[in-house]
Peer 1: 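One structure coming up, written as structure tokens, with questions to follow.
Hydrogens, waters and symmetry mates play no part in the numbers below; they use all other heavy atoms, side chains included. The structure displayed is predicted, hence computed values, not measured ones. Protein chains get the first letters and strands the later ones, always in sequence-line order, with residue 1 at the start of each.
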2 protein chains.
Amino acid sequence: MTAAPELRDWTASFARRTRALGGGEITAILALAGATDVITFSGGFPDPATFPRDVLGEIAGRLVAQDVAVALQYSQTEGLPSLRDYLAGRLEVLQGRRPAAGELMVTSGGIDCMELVAKSLVDPGDPVVVEAPSYLGAIMAFRGYEADLHGVPMDDDGLRPKVLYTIPDHQNPTGLSLAHERRPALVELARRYRFLILEDVAYRELGFDGTAPPSLWSLAPDVVIQTGTFSKTFFPGVRLGWAAAPPEVIAQLVTAKQNSDQCSGALGQRMLEEYGRGGHLDRQLVASRALYARRAELMGKALAEHMPDGTGWTTPRGGFFTWVTAPDGIDAVALSPTASARKVAYVPGRPFYPGDGGVSQLRLAYSRVEDDLINEGARRLGDVFRAGLEKA
Amino acid sequence: MTAAPELRDWTASFARRTRALGGGEITAILALAGATDVITFSGGFPDPATFPRDVLGEIAGRLVAQDVAVALQYSQTEGLPSLRDYLAGRLEVLQGRRPAAGELMVTSGGIDCMELVAKSLVDPGDPVVVEAPSYLGAIMAFRGYEADLHGVPMDDDGLRPKVLYTIPDHQNPTGLSLAHERRPALVELARRYRFLILEDVAYRELGFDGTAPPSLWSLAPDVVIQTGTFSKTFFPGVRLGWAAAPPEVIAQLVTAKQNSDQCSGALGQRMLEEYGRGGHLDRQLVASRALYARRAELMGKALAEHMPDGTGWTTPRGGFFTWVTAPDGIDAVALSPTASARKVAYVPGRPFYPGDGGVSQLRLAYSRVEDDLINEGARRLGDVFRAGLEKA
């Protein structure tokens, strides 16, 4: 029997919620990042130079030889107890609060936590507030559950959101941080109007001077879900992060995780634990901060040298990103093919906004571009944008 | 400011779809499985004796030393190209069909694929058909997206499902397989009535005699999504599996995966590839089949010796499970605490049914119980059920 031609295309069968999604923007970004001859300021990749080549081989070999029944087996859905114990101690040291029983779980990277939060809390049409611009992965995770997305400034519309998503430290994509004095006010707002804050601390430990204001979770563990990732600090090739939140929320996220990937990989969990308890993670962070601080500085200098007059950009004090605002008339999406032809890549600003915005803006990730290519990359970008301005 | 007491409980904020979920049955099973003094026939865990202790340490050490930029970095969402190439070749050898371009992706275990399929294809109220009984994880994944779940026999109700989920080889929980001659008929039904088959091949390569009838996907790649896992064959501690499906379906699953965990861990992907290309996986499978065949035989003998008259059970020819039907009057859920007190664990049959059913049934996983404990475990079970019958 031969199937009728219309059988060959299943797109009409896709669920309604998938229509809310864009065209896989991050997938496209990651695909581009694989090209070797392009100076890519696009994906937020850590530099492999920061990855733990030295001790990790020994740790991996030892776990495989001596710890198979734990490290190679299924883990509890909420993560291995020994890793959660290590993480709890680490949060106590870094954020001044140790999670209580039931408040902490291990996730498969930060994005896994956004997905679990969206699935567990967001009904279609529920209002969710994000910074505008904000992390593309979070915007897409909430859109996938048909949230009614709103960009801040949140006090403008008097909306009571169900969830407010924020990256208080060295934000993606802008590189900016929430001022210390605004933090208590934000969590009090959440308490008063009874909404949850989803605090993404992906870049918190990568402040160039090693300091950070109090985390929102440490200020108000009753209204904050903190999501952290080890993809920027340890390495992304094991998918590991954490969620810290009120116990009933963690219990719900654990149930959702059971149906998503069951558990994060036990081998990676044990590797992280051994590596961290050995003091190696703290040493790695010192080296990573120095590397990214140097690149941020090179990026700023290169932009000053090459970008056309009227261009503005942020000066990050941590993290992976500089956020560029080009003069009016520039459309960063429309210029992407020109940039691609000049072998330089960036992410246009538009997808980082839940609604309109960002037409003349772009995100530059300096995190994985070799020092001596940053200036050349900015030179090419400057040419592309100058040509764009002349046309406009 | 002190938060009002009602602020302390967020359960009222949970999304509607989460109310369709049961009480984290699998989470509870995994928690039980951690107890050391219980003979546990519950979780479908592979035996750590099958895990690759010997070569894997060397492979892990080498990748960490020489392959950091790939093995420790983010992977493409659809999986590393080199691993997909290896998997495509493996499917060609084992199932007689090589996936075409765009038809294959890497997933974080089998459960990740169920989640992606449910999210990508199931609108609330969409009819989904599963075997009754069927794999708890799949039932819960579909429930999480508010599918209208129906148990087979599907020809009884004339329903046109959107998705039919089946485990044709050594099914979970029954251990039974779909007969060779019924397979072409099933895929023709899917073609005629235009529904997708989600074919779960978790235990396919663990047939005790090493053979298997044609996979549904190899018979009809135009209407079948095949989900496979390496948790039963390689090891579960890296979360790895695959999906093979029509290209537009894979593209949609990749978009969904971008928002769930972004990508499966690159380190595990590279380890699996090196291990597989080195021929080790095939050797591991030979040893695993022999181990599980022996345990299945011991299980059958022990049940014959100890279970009360009127009890029936399946005789699996592969996989991890024997499915027991106790005499009427037995409630396997109600007897769980008694079994627990006698230090023996099983999974009651009820949650494996999408609707009613399975009251007097239970699943026994012999996969991770030491040979010399199987008889003792069955003896305890027999006592528990005999006592239950006397009460009934």
Peer 1: Does any donor atom in the side chain of Thr107(A) or Arg239(A) lie under 3.5 Å from an acceptor atom in the other side chain?
Peer 2: no
Peer 1: Please classify the contact of Ala245(B) with chain A as side chain, backbone, both or neither, using a heavy-atom distance under 4.5 Å.
Peer 2: neither
Peer 1: Would the distance check show the side chain of Ser367(A) and the main-chain N or O of Phe45(A) forming a donor-acceptor pair, the cut-off being under 3.5 Å?
Peer 2: yes
Peer 1: Non-hydrogen atoms of chain A under 4.5 Å away: do they reach the side chain of Cys113(B), the backbone, both or neither?
Peer 2: neither
Peer 1: Using heavy-atom distances under 4.5 Å, tell me whether Ala71(B) contacts chain A through its side chain, its backbone, both, or neither.
Peer 2: backbone
Peer 1: Could you tell me whether Glu274(B) and Arg270(B) make a salt bridge, using a distance below 4.0 angstrom between a side-chain N and a carboxylate O?
Peer 2: yes
Peer 1: Which residue out of Val70(B), Asp123(B), Val163(B), Leu72(B) racks up the most heavy-atom pairs below 4.5 Å with chain A?
Peer 2: Leu72(B)
Peer 1: May I ask you to test the Gln73(B)-Arg368(A) pair for a side-chain heavy-atom distance under 4.5 Å?
Peer 2: yes
Peer 1: Any idea which of Ala118(A), Gly241(A), Cys263(A), Ala220(A) has the most non-hydrogen atom pairs under 4.5 angstrom with chain B?
Peer 2: Cys263(A)
Peer 1: Non-hydrogen atoms of chain A under 4.5 Å away: do they reach the side chain of Tyr145(B), the backbone, both or neither?
Peer 2: both
Peer 1: What residue, out of Ala60(A), Gly61(A), Ser231(A), has the most heavy-atom pairs lying under 4.5 Å from chain B?
Peer 2: Ser231(A)
Peer 1: Begin from the C-alpha positions of Glu188(B) and Arg192(B) and carry the test salt bridge (Lys or Arg N to Asp or Glu O under 4.0 Å) through to its verdict.
Peer 2: CA-CA 6 Å; Glu188(B) 285 313 317; Arg192(B) 185 166 315 148; 5.5 Å; no
Peer 1: Which one wins on heavy-atom pair count under 4.5 Å against chain A: Gly57(B), Pro236(B), Gly265(B)?
Peer 2: Pro236(B)
Peer 1: Which one, Gly110(A), Pro48(A), Ala49(A), leads in non-hydrogen pairs under 4.5 Å with chain B?
Peer 2: Pro48(A)
Peer 1: Using non-hydrogen atoms only, which part of Pro247(B) is less than 4.5 Å away from chain A: side chain, backbone, both, or neither?
Peer 2: neither
Peer 1: Can you tell me which of Val249(B), Val64(B), Ile59(B) forms the most heavy-atom pairs within a distance under 4.5 Å of chain A?
Peer 2: Val64(B)
Peer 1: For the residue pair Thr11(B) / Glu248(A), report whether a side-chain donor-acceptor contact shorter than 3.5 Å exists.
Peer 2: no
Peer 1: Would you say Glu115(B) and Ser260(B) are linked by a side-chain donor-acceptor pair, where the criterion is simply a distance under 3.5 Å?
Peer 2: no
Peer 1: Angle class for the Phe51(B)/Phe235(B) ring planes (parallel below 30°, perpendicular above 60°, tilted otherwise)?
Peer 2: tilted
Peer 1: May I ask you to name which of Gly268(B), Pro46(B), Ala138(B), Pro184(B) has the most heavy-atom pairs under 4.5 Å with chain A?
Peer 2: Pro46(B)
Peer 1: With a 4.5 Å cut-off on side-chain heavy atoms, are Thr227(B) and Leu198(B) touching?
Peer 2: yes
Peer 1: Side chain, backbone, both or neither: which part of Leu196(B) has a heavy atom under 4.5 Å from chain A?
Peer 2: both
Peer 1: Out of Asp112(B), Leu240(B), Leu267(B), Leu121(B), which one racks up the most heavy-atom pairs below 4.5 Å with chain A?
Peer 2: Leu121(B)
Peer 1: Please determine, by modelled atom types, if Ser120(A) and Gln252(A) share a side-chain donor-acceptor pair under 3.5 angstrom.
Peer 2: no
Peer 1: For chain A, find which of Val238(B), Val122(B), Asp126(B) contributes the most heavy-atom pairs closer than 4.5 angstrom.
Peer 2: Val122(B)
